[in-house]
Amino acid sequence: MSLIELQDIRRSFTIRTKAGRLRREKREVHAVDGLSFSIDAGECVGYIGPNGAGKSTTIKMLTGILVPSSGRLRVAGVDPARERVRLARRIGVVFGQRTTLWWDLPLRDSYELARRIYRIPDARYRANLDRCIELLDLGGLLDTPVRQLSLGQRMRGDLAAALLHDPQVLYLDEPTIGLDVVSKARVREFLREVNTRQGTTVLLTTHDLVDIEQLCGRVMVIDHGRVVYDGSLDGLHAAGQSERTLVVDLAEAGPAIEVAGARVVKVEGPRQWLAFPAQQSAAPIVAAVAARYPLADLSVREPAIEDVIARMYAEVAIG
Ligand SMILES: Nc1ncnc2c1ncn2[C@@H]1O[C@H](COP(=O)(O)OP(=O)(O)OP(=O)(O)O)[C@@H](O)[C@H]1O
Ligand SMILES: [Mg+2]
């Protein structure tokens, strides 16, 4: 059995909107709409999708905060909504947008509370706290009240709090949101360590695709509450029909280049951009261009995963 299993999970919300001066209308939003997937122990899975796709709703159901409208859900053998307390010992959660720490207390006190709530044995607690202090560089921050911490410091504090009780699964909902590049790198390095060394299963929601590229062997794209892609990041390039770009500098500005297998997507003076399928060789296109046009320079650009995903989101929205 997998560590996390969802079968045809649905969750809708009823929203009341004003329609005219007195009338109110009820509308149902299907935030999660027939979601099925499973995640094995030790995986690090990226969970991505456009705003409103249902990512946070999924994570809330996986922690037991929200109850599914229908479907079957198991995390570490437990039905989250029914046995929320039992599940709490097996999972850790970090919501980038809000903290689980006590706002007015120093970090140290929040950790101490976690120790008592989860009844973490002393030796385990010391070892885990020491490891987090070292890897997240928390040493100088333990006695600072949480409200005085910067966003990046607080996020590191939250990560430690989520892991002190050795959870089997760590859910992260936008853990790098608003962080600077140095803090992001530190958080990613830490998560890699937690996943590969500790073997903690990680489900990571993010809008920063670098997080995914650096951490996740598997990525799930969801939209309108359904999985639209589940596989490797490389596979996403293929599924998203990604393209490489040949950047051509002509000796002088001229009409758009016409060659088989590529199409001009942009022209700026003597420079022209030609797109062609990423899996195709650039050689015949380069040869054809060079044979027919006087050239000053040429280069090939690899597809950016952002473009692939943007196209995928757009296609889902249209389809
Ligand atoms: N408590 C709620 N009441 C009503 N509607 C809700 C509630 N929570 C979520 N929704 C709606 O459900 C849909 C999915 O929301 P969700 O927060 O899961 O999206 P998301 O994928 O996390 O988006 P984002 O990338 O913006 O964080 C949205 O249309 C949202 O408005
Ligand atoms: Mg969200």
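Just so you know, residue 1 is the first one in the sequence shown, and it goes up from there. First listed ligand is number 1; within each ligand, the first listed atom is number 1. Just so it is clear, the model here is predicted, and its values are computed rather than measured.
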Are there more than 12 heavy atoms of other residues, nucleotides or ligands under 6.0 Å from atom CD of E134? no
So, the side chain of Q272 versus the backbone of P255: is there a donor-acceptor pair under 3.5 Å, distance only? yes
Check step by step if salt bridge (charged side-chain N to carboxylate O under 4.0 Å, His left out) holds for R86 and D79. CA-CA 10 Å; R86 198 164 141 221; D79 177 346; over 6 Å; no
Sub-4.0 Å heavy-atom contact, E174 with ligand 1: yes
What is the nearest protein non-hydrogen atom to atom 26 (O) of ligand 1, stated with its residue, atom name and distance? N51 ND2, 2.9 Å
Could you tabulate the donor-acceptor pairs under 3.5 Å formed by side-chain atoms of residues 49-57, not counting sequence neighbours?
residue	atom	partner	partner atom	Å
K55	NZ	G49	O	2.9
K55	NZ	P50	O	3.0
S56	OG	D173	OD2	2.7

Determine, considering heavy atoms only, which of S56, G225, G96 sits nearest to atom 22 (O) of ligand 1. S56
Under the criterion salt bridge (charged side-chain N to carboxylate O under 4.0 Å, His left out), I'd like the reasoning laid out for D130 against R126: C-alpha separation, chi angles, the key distance, then a yes or no. CA-CA 6 Å; D130 285 349; R126 267 268 47 101; 3.0 Å; yes
Kindly say whether L295 contributes a backbone atom to a donor-acceptor pair with the side chain of D249 at under 3.5 angstrom? no
Which atoms from ligand 1 have a heavy atom of A31 less than 4.0 Å away? 12 (O), 13 (C), 14 (C)
Give the residue and atom name of whichever protein heavy atom lies nearest to atom 6 (C) of ligand 1, and the separation in Å to one decimal. F13 CD1, 3.3 Å
Nearest non-hydrogen partners of L101 and T99, listed with the distance: N-OG1, 3.0 Å
Going by chain and number, the hydrophobic cluster around V29 (ILVMFWY, side chain to side chain under 4.5 Å) further includes I15
Flag atom 30 (C) of ligand 1 as yes if some protein heavy-atom distance to it falls below 4.0 Å, otherwise no. no
Quick one: OG1 on T176 to CG on D208, what's the gap to the nearest 0.5 Å? 5.0 Å
Please write down residue, atom name and distance for the protein heavy atom closest to atom 15 (O) of ligand 1. T57 OG1, 3.7 Å
Do G54 and ligand 1 have an N or O pair less than 3.5 Å apart? yes
Check each of A53, P50, G52, S12 against atom 14 (C) of ligand 1 and report the one with the nearest heavy atom. G52
What pairs meet the ring-ring contact (aromatic ring centres under 6.0 Å, His included) rule with one or both residues in residues 24-56, with sequence neighbours excluded? F37-Y47
Under 2.8 Å from the Mg ion (ligand 2), protein N/O/S atoms total 1
